There are 2 protein chains.
Amino acid sequence: MDVGKVIDTALKLIDDVGVQALTLRMLADALGSGTATLYRHFAGKDELLAHVVDRILGGVRLTPEAVKGLTWREAVTVGAEALYETLRRHPNALPLLVSQVPVGPNGLVNRERAIGLLLGFGFPIDLAARAFTAIGHYVVGFAIQQHGPGAAQTDDQPQLRDYYRSLDPATYPATTAAA
Amino acid sequence: MDVGKVIDTALKLIDDVGVQALTLRMLADALGSGTATLYRHFAGKDELLAHVVDRILGGVRLTPEAVKGLTWREAVTVGAEALYETLRRHPNALPLLVSQVPVGPNGLVNRERAIGLLLGFGFPIDLAARAFTAIGHYVVGFAIQQHGPGAAQTDDQPQLRDYYRSLDPATYPATTAAA
DNA sequence: ACCTGAACACCGTTCAAGT
DNA sequence: ACCTGAACACCGTTCAAGT
């Protein structure tokens with residue numbers, strides 16, 4: 001049993017049941033082994049989840065050719081959209097992205113490409129690094145807002161809307177009107 | 001023992017040991033009672049944490065007078081800064097803000113004030129609601145990036161910097177140069 | 001009526017024992 | 001050498017029993 005199979009299975013389970021509900025026993029069962037076996041590949045649950053995050057970031061497809069001949073604003077937009085498209089495929093895993101700084105190989109490759117890209121546009125290096133971090137956080141935040149396990153499924157939005165609408169309009173006029 | 005005391009103690013413990021480490025037993029001990037007693041006030045841990053979030057949001061100080069005579073851009077900036085100043089006082093509680101939609105009374109008051117403010121500047125109501133959500137997520141994301149329990153204390157930043165610097169410059173030239 | 005000790009089912013993690 | 005059943009200390013939650 002290789003490490004990749006473990007990570008893939010973990011990601012699949014997270015997509016299905018949510019990151020909160022993922023259990024090492026559940027993962028071991030899905031792999032046909034016991035929990036103790038997992039510790040032969042990972043130091044603990046946190047390390048496993050870090051690998052899952054890097055696995056997700058490996059799905060970001062952004063070739064250098066795709067940004068050829070673009071202005072820096074266009075290139076940043078293309079990059080942000082590539083990240084967003086990857087994140088939206090794993091809404092249940094989004095909480096992992098905000099609680100971790102991605103230090104895995106795939107995360108580093110993305111960081112390298114993005115910062116290199118900005119340098120190519122003449123950005124000073126410290127600004128490039130800061131901009132990368134800020135944009136990354138913004139995209140993750142936006143993805144969580146759009147998808148993301150606020151409560152449950154896609155019916156979460158209407159639920160919340162109904163809740164706002166049920167408030168006293170005298171106390172919360174703007175909120176109820178907006179709902 | 002009133003509910004407010006429980007929430008205050010929970011927030012204090014979170015500030016001290018982090019949201020991950022907070023335990024109902026720990027909280028009960030700090031209050032001089034048992035875990036079962038907590039369930040007389042809250043349906044479960046999630047509900048308690050929702051109250052903690054609302055307690056934090058109650059600390060946002062933004063009087064209508066503070067935004068008198070400002071342009072909408074200035075007013076939004078003042079509001080965002082008021083939220084940021086509150087959040088930075090509770091770095092260990094920040095993960096709660098991203099995993100919850102704040103539906104407590106204080107959160108709703110903030111929402112009401114902010115949306116009402118934007119309406120006063122002539123914003124269409126659906127745009128005002130969307131802008132409020134987007135800005136809220138952006139501020140939370142920024143606060144997590146600046147403070148926030150990525151790994152540990154304030155020495156996390158230097159640690160990460162050292163890690164980036166330790167990478168192979170041949171493979172990651174831009175990342176190592178930026179560090 | 002209000003509180004709570006003690007139990008329940010579960011978790012992540014470890015380790016001695018198996019092959 | 002590699003794997004793992006069974007245990008460990010702990011968690012959130014419940015409930016019968018106390019006052």
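Lettering of chains follows the sequences in order, A, B, ..., and the numbering in each one begins at 1. Model, not experiment: these values are computed from the prediction.
- Note that the first and last nucleotides of DNA chain D, 5' to 3', having any atom under 4.0 angstrom from a heavy atom of chain B are dC11(D) to dC15(D).
- One distance of note links CD1 of Ile14(A) with CG of Leu22(A); it measures 5.0 Å at 0.5 Å rounding.
- In a base pair of the Watson-Crick type (N1 to N3 plus N6-O4 or O6-N4) or a G-U wobble (N1-O2 and O6-N3), with each distance short of 3.5 Å, dG5(D) is matched with dC15(C).
- Remark: the backbone N or O of Ala82(A) is paired with a side-chain donor or acceptor of Thr86(A) at under 3.5 angstrom.
- Figure legend. dC10(C) is base-paired to no nucleotide; pairs are counted as Watson-Crick or G-U wobble with both atom distances under 3.5 Å.
- Separation of the His137(A) and Phe142(B) ring centroids does not fall under the 6.0 Å cut-off.
- Side-chain contact between Leu31(A) and Thr37(A) is absent, with no heavy atoms from C-beta onward closer than 4.5 Å.
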Verdict with reasoning, Leu108(A) to Tyr163(B), per side-chain contact (heavy atoms from CB on, under 4.5 Å) | CA-CA 11 Å; Leu108(A) 288 180; Tyr163(B) 173 70; 3.9 Å; yes
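- A cation-pi contact, defined as under 6.0 Å to the ring centre and within 45° of the axis, links Arg111(B) to Tyr164(A).
- Here the side chain of Thr176(B) pairs a donor or acceptor atom with the backbone of Pro173(B) at under 3.5 angstrom.
- Contacts between residues 26-55 of chain B and DNA chain D, defined by a heavy-atom separation under 4.0 Å, are made by Thr35(B), Ala36(B), Tyr39(B), Gly44(B), Lys45(B).
- A salt bridge is defined here as a Lys NZ or Arg NE, NH1 or NH2 lying under 4.0 Å from an Asp or Glu carboxylate O, and Asp162(A) with Arg165(A) meets this definition.
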